[in-house]
Amino acid sequence: MKIYGECETSGRRLAVTITGLDRSGCALVCEGHDMVPEGDMALWIGAIGPLAAIAMQKDATHANASFREPLDPRILDHFAQG
């Protein structure tokens with residue numbers, strides 16, 4: 001499942017594609033701009049957010065995000081039905 005979202009980090013908002021969404025985190029694909037999120041950030045999954053997360057850059061276009069608090073199962077259900 002791919003979900004479009006945004007993250008805000010270092011004073012910038014970046015468009016991201018979210019995959020592998022679970023209660024503890026997700027993977028982010030960040031194409032079309034020169035920055036991949038790293039460290040503290042606010043994440044919007046579709047229109048849901050902001051969610052506090054910590055990002056760790058994997059390579060030039062990918063990062064993993066861990067949520068500060070586990071996602072409510074209803075959020076996962078919402079996107080699973082999408």
Side-chain angles (χ1 to χ4, degrees):
M1 151 181 32
K2 288 185 179 181
I3 306 163
Y4 296 100
E6 290 186 328
C7 68
E8 186 174 306
T9 183
S10 301
R12 291 180 64 185
R13 280 189 93 146
L14 309 171
V16 295
T17 302
I18 299 162
T19 61
L21 181 65
D22 65 29
R23 289 197 75 202
S24 62
C26 60
L28 305 173
V29 180
C30 314
E31 295 183 38
H33 44 77
D34 63 352
M35 184 177 178
V36 176
E38 189 160 44
D40 290 330
M41 68 174 191
L43 179 65
W44 283 260
I45 304 170
I48 297 173
L51 302 166
I54 301 170
M56 180 194 248
Q57 184 176 352
K58 290 175 48 179
D59 62 32
T61 59
H62 296 85
N64 288 327
S66 298
F67 300 119
R68 293 228 178 243
E69 294 184 23
L71 286 185
D72 187 301
R74 294 174 292 183
I75 294 172
L76 297 175
D77 290 344
H78 170 78
F79 288 106
Q81 294 174 9

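Values in this document were obtained by computation on a predicted structure and should not be read as measured data. Below, each value reflects all heavy atoms present in this structure, side chains not excepted, and no hydrogens, waters or symmetry copies.
- Side-chain contact check for Arg23 versus Pro73: some heavy-atom pair is nearer than 4.5 Å.
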Trace of the side chain to side chain contact (heavy atoms under 4.5 Å, CB included) decision for Ile3 with Cys26
CA-CA 11 Å; Ile3 306 163; Cys26 60; over 6 Å; no
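- Looking at every heavy atom in both residues, Ala55 comes nearest to Pro37 through CB-O, 3.5 Å.
- The neighbour count for Met56 CE, taken as heavy atoms of other residues, nucleotides or ligands under 6.0 Å away, does not exceed 12.
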Going through the distances and angles, do Lys2 and Val29 end up as a side chain to side chain contact (heavy atoms under 4.5 Å, CB included)?
CA-CA 10 Å; Lys2 288 185 179 181; Val29 180; over 6 Å; no
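- By the criterion of side-chain heavy atoms lying less than 4.5 angstrom apart, applied directly or through intervening Ile, Leu, Val, Met, Phe, Trp or Tyr residues, Leu14 is not grouped with Leu51; the two fall into different hydrophobic clusters.
- Across all their heavy atoms, Arg13 and Glu8 have their closest contact at CG-OE1, 3.7 Å.
- Met1 and Tyr4 are not part of a single hydrophobic cluster, where members link through side-chain heavy atoms under 4.5 Å apart.
- Hydrophobic clustering of Ile, Leu, Val, Met, Phe, Trp and Tyr side chains at less than 4.5 Å, counting indirect connections, unites Ile18 with Phe67.
- Put simply, the side chain of Ile48 reaches to within 4.5 Å of the side chain of Phe79, judged on heavy atoms.
- Within the 4.5 Å cutoff, side-chain heavy atoms of Ile54 are placed close to those of Asp40.
- Residues Lys58 and Val36 are not in side-chain contact: their nearest non-hydrogen atoms beyond the backbone lie 4.5 Å or more apart.
- Side-chain heavy atoms closer than 4.5 Å link hydrophobic residues (I, L, V, M, F, W, Y) into clusters, and following such links, possibly through other members, connects Leu76 to Ile45.
- Distance check, rounded to the nearest 0.5 Å: NE2 of His78 to CG of Leu21 gives 10.5 Å.
- If you take OG1 on Thr61 and CG on Leu28, they are separated by 11.0 Å, rounding to the nearest 0.5 Å.
- The distance from the CG atom of Leu43 to the OG atom of Ser66 is 11.5 Å, given to the nearest 0.5 Å.
- The distance from the NE2 atom of His62 to the OG1 atom of Thr17 is 9.0 Å, given to the nearest 0.5 Å.
- Arg68 and Ala53 get closest at one heavy-atom pair: CG-N, 4.1 Å.
- Glu6 approaches Val16 most closely through the heavy-atom pair N-CG2, 3.9 Å.
- Summarising the geometry, atom SG belonging to Cys7 is positioned 7.5 Å from atom CE belonging to Met35; distances are rounded to the nearest 0.5 Å.
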